[in-house]
Amino acid sequence: MNALNALFDQPRFGVLLLRWTLAILMLFHGWAKITNGVGGIVGMVGAHGLPGFLGYAVYLGEVVAPLMLLVGFWVVPAALVVFLNMVVALVLAHSGHFLDLTNSGGWRLELQAFFLVSALVVAFTHRLGPQR
């Protein structure tokens with residue numbers, strides 16, 4: 001068992017793996033915005049009394065920041081942008097879903113919670129990442 005523990009005692013790789021996973025999964029959402037536009041988000045932002053152009057900030061949280069995380073550039077600010085992006089998404093699109101479960105018994109906001117918490121973990125553990 002000690003050999004197995006030693007083999008998996010790789011905190012730098014673990015942090016890197018989480019950072020890349022967060023970045024790649026978030027980029028899929030960004031790609032959807034690139035190919036389909038952000039009209040729905042602009043509408044949600046406007047419906048909450050905010051200027052519609054703020055909806056375009058989703059590109060920062062779902063494209064620019066994940067690319068920064070992927071390459072390891074300004075990791076903490078990029079992770080915090082993803083975190084903020086998820087807070088805004090929860091408020092604008094999911095505020096009525098906090099107590100909802102899926103048909104299989106899972107929490108309806110599992111993916112959003114993963115993105116939100118992973119972004120915080122990446123920010124808090126950035127020093128454990130690969131050495132430059």
Side-chain angles (χ1 to χ4, degrees):
M1 191 58 147
N2 286 338
L4 185 62
N5 286 343
L7 178 65
F8 281 89
D9 185 17
Q10 306 294 329
R12 291 185 189 285
F13 181 69
V15 168
L16 182 66
L17 184 60
L18 179 63
R19 192 180 85 207
W20 285 349
T21 302
L22 174 63
I24 291 167
L25 293 178
M26 189 57 76
L27 278 169
F28 282 115
H29 290 267
W31 183 250
K33 306 305 185 295
I34 290 170
T35 58
N36 300 318
V38 294
I41 295 169
V42 169
M44 280 190 276
V45 169
H48 281 80
L50 299 169
F53 72 86
L54 290 176
Y56 287 90
V58 72
Y59 289 121
L60 294 174
E62 295 185 7
V63 178
V64 176
L67 288 172
M68 291 168 64
L69 290 174
L70 206 55
V71 298
F73 181 71
W74 285 359
V75 169
V76 173
L80 293 177
V81 167
V82 172
F83 172 79
L84 182 61
N85 184 76
M86 293 315 304
V87 168
V88 171
L90 286 167
V91 169
L92 292 182
H94 302 289
S95 59
H97 303 147
F98 280 94
L99 300 177
D100 292 351
L101 299 177
T102 64
N103 291 337
S104 61
W107 186 32
R108 185 166 177 185
L109 300 178
E110 288 173 348
L111 182 61
Q112 292 81 2
F114 171 79
F115 287 149
L116 182 99
V117 174
S118 294
L120 282 180
V121 171
V122 167
F124 282 125
T125 60
H126 72 281
R127 293 182 139 240
L128 293 176
Q131 297 290 342
R132 291 190 173 239

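Heavy-atom basis, side chains included; hydrogens, waters and symmetry copies ignored. Note that the numbering runs from 1 along the sequence shown for the chain.
Rounded to the nearest 0.5 angstrom, Met86 CE and Leu109 CG are separated by 8.5 Å. Summarising the geometry, atom CE belonging to Met26 is positioned 7.5 Å from atom CG belonging to Leu111; distances are rounded to the nearest 0.5 Å. Annotation: the span from Leu69 atom CG to Thr21 atom OG1 amounts to 11.0 Å, rounded to 0.5 Å. Between the CG atom in Leu70 and the CH2 atom in Trp20 there is a gap of 7.5 Å [rounded to 0.5 Å]. Between atom CZ of residue Arg19 and atom CD1 of residue Ile24 there is a gap of 10.5 Å, rounded to the nearest 0.5 Å.
A heavy-atom distance below 4.5 Å is not found between the side chains of Val42 and Phe53. Here the side chains of Val64 and Tyr59 are not in contact, with every heavy-atom distance at 4.5 Å or above. Inter-residue side-chain proximity for Met1 and Leu4 is flagged as met; some heavy-atom pair is nearer than 4.5 Å. By the 4.5 Å heavy-atom criterion applied to side chains, Leu92 and Val45 are counted as neighbours. Taking the side chain as every heavy atom from C-beta outward, Val76 and Leu80 approach each other to under 4.5 Å.
Here the shortest heavy-atom pairing between Pro66 and Ala23 reads O-CB, 3.3 Å. Scanning both residues, Val91 and His48, for their nearest heavy atoms gives O-NE2, 4.2 Å. Between Gly30 and Val63, the closest heavy-atom pair is CA-CG2, 3.7 Å.
Screening residues 40-53 for salt bridge (charged side-chain N to carboxylate O under 4.0 Å, His left out) gives no qualifying pairs among residues at least two apart or on separate chains. Listed by first and then second residue, the salt bridge (charged side-chain N to carboxylate O under 4.0 Å, His left out) pairs that reach into residues 2-11 come to none, sequence neighbours excluded. Sorted by first and then second residue, the pairs that involve residues 61-86 and meet salt bridge (charged side-chain N to carboxylate O under 4.0 Å, His left out), not counting sequence neighbours, are Lys33-Glu62. For the salt bridge (charged side-chain N to carboxylate O under 4.0 Å, His left out) condition, the pairs that include at least one residue of residues 95-104, sequence neighbours left out, are Asp100-Arg108.
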I'd like a table of donor-acceptor pairs (distance under 3.5 Å, sequence neighbours excluded) in which one partner is a side-chain atom from residues 118-125, with atom names and distances.
unit_1, atom_1, unit_2, atom_2, d
Ser118, OG, Phe114, O, 2.8
Thr125, OG1, Val121, O, 2.6

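Taking the six-membered ring where the residue is Trp, His29 and Phe115 present perpendicular rings, their angle passing 60° and hence far from 30°.
Cluster annotation: Leu17 and Leu27 are assigned to distinct hydrophobic clusters (Ile/Leu/Val/Met/Phe/Trp/Tyr, side-chain heavy-atom contacts under 4.5 Å, transitive). A continuous path of Ile, Leu, Val, Met, Phe, Trp and Tyr side chains, each step under 4.5 Å between heavy atoms, connects Ile34 with Phe28, placing both in one hydrophobic cluster. Follow the hydrophobic side-chain contacts under 4.5 Å out from Leu54 and you reach Met44 in the same cluster.
A 6.0 Å sphere centred on CZ of Phe98 holds more than 12 heavy atoms belonging to other residues, nucleotides or ligands. Heavy atoms from other residues, nucleotides or ligands lying under 6.0 Å from CG of Leu7 number more than 12.
For Thr102, the side chain to side chain donor-acceptor pair (under 3.5 Å) partners are Ser104, not counting sequence neighbours.
With Trp107 contributing its side chain and Leu101 its backbone, the two residues share no donor-acceptor pair below 3.5 Å.
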